[in-house]
Amino acid sequence: MSMISEDTDPSELRAAARPAAANPPPNRVTFNRLELNRILNLYGRMVADGEWRDYAIDFLKDRAVFSVFRRSTEVPLYRIEKDPRLARKQGMYSVISATGLILRRGHELERVLLVIDRKLAVV
């Protein structure tokens, strides 16, 4: 005779019996569709101008990083980072140069990307 009461849902028992490997991976910070669209539009223009040639996207536990390269064998020219821990402080978006200098940080991706977007540069 089983020790299961009438009030117990059988699906709860099955969920508890699943192995730990079936659990989803830990949450990662990612760019949403609009953010990625804005970044890739900028990337496409810079590739067309011959400035950039390669990119890498890293989704880490604490931040998401979009790195752009002049050549794939070099260090990234710029890193566009999204760090939600800084959302209430300086802003979760930042553009970082190859030397590690933070060029701009803010709450809106559009305004942060203006530092490397040459389309709007005054000549």
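Both backbone and side-chain heavy atoms feed into the values below; hydrogens, waters and symmetry mates do not.
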Asks: Hey, could you give me the CG/CG distance between Leu114 and Leu42, rounded to the nearest 0.5 Å?
Replies: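 The CG atom of Leu114 sits 9.5 Å away from the CG atom of Leu42.
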
Asks: Hydrophobic clusters here meaning ILVMFWY residues chained together by side-chain heavy-atom distances under 4.5 Å, can you tell me if Ile57 and Ile116 are in one?
Replies: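 Yes, because Ile57 and Ile116 connect within a single hydrophobic cluster, where side-chain heavy atoms sit under 4.5 Å apart.
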
Asks: Same hydrophobic cluster for Leu77 and Leu40, using side-chain heavy-atom links shorter than 4.5 Å among ILVMFWY?
Replies: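 Both belong to a single hydrophobic cluster.
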
Asks: For Phe66 and Tyr55, I'd like to know if the aromatic rings sit close, meaning centre-to-centre distance below 6.0 Å.
Replies: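 Between Tyr55 and Phe66, which both carry aromatic rings, the centre distance is below 6.0 Å.
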
Asks: Could you tell me the separation between the OH atom of Tyr43 and the CD atom of Glu51, rounded to the nearest 0.5 Å?
Replies: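 CD of Glu51 is found 12.5 Å from OH of Tyr43.
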
Asks: Can you confirm whether Arg85 sits close enough to Asp62 that some side-chain heavy atom of one is under 4.5 Å from a side-chain heavy atom of the other?
Replies: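 Arg85 vs Asp62: side chains touch.
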
Asks: Kindly work out whether a path of hydrophobic side-chain contacts (I/L/V/M/F/W/Y, heavy atoms less than 4.5 Å apart) joins Val68 to Leu101.
Replies: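 Shared cluster, yes.
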
Asks: As an exercise, state the distance from CE of Met46 to CZ of Arg70, rounded to the nearest 0.5 Å.
Replies: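 Between Met46 CE and Arg70 CZ, I get 9.0 Å after rounding to 0.5 Å.
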
Asks: Considering the options Arg63, Lys82, Glu81, which one meets the side chain to side chain contact (heavy atoms under 4.5 Å, CB included) requirement together with Ser94?
Replies: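 The passing option is Glu81.
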
Asks: If only atom types and distance count, is the side chain of His107 paired as donor or acceptor with the main-chain N or O of Met92 below 3.5 Å?
Replies: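 It does not hold such a pair.
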
Asks: Measuring from atom OH of Tyr93 to atom CG of Leu113, what distance do you get when rounded to the nearest 0.5 angstrom?
Replies: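 Output value for this atom pair is 9.5 Å.
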
Asks: Measure the CZ-CG distance between Arg111 and Asp117 for me, rounded to the nearest 0.5 Å.
Replies: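 Those atoms lie 13.5 Å apart.
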
Asks: Is Ile96 linked to Ile80 within one hydrophobic cluster, defined over Ile, Leu, Val, Met, Phe, Trp and Tyr using a side-chain heavy-atom separation of less than 4.5 Å?
Replies: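 Cluster IDs for Ile96 and Ile80 differ.
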
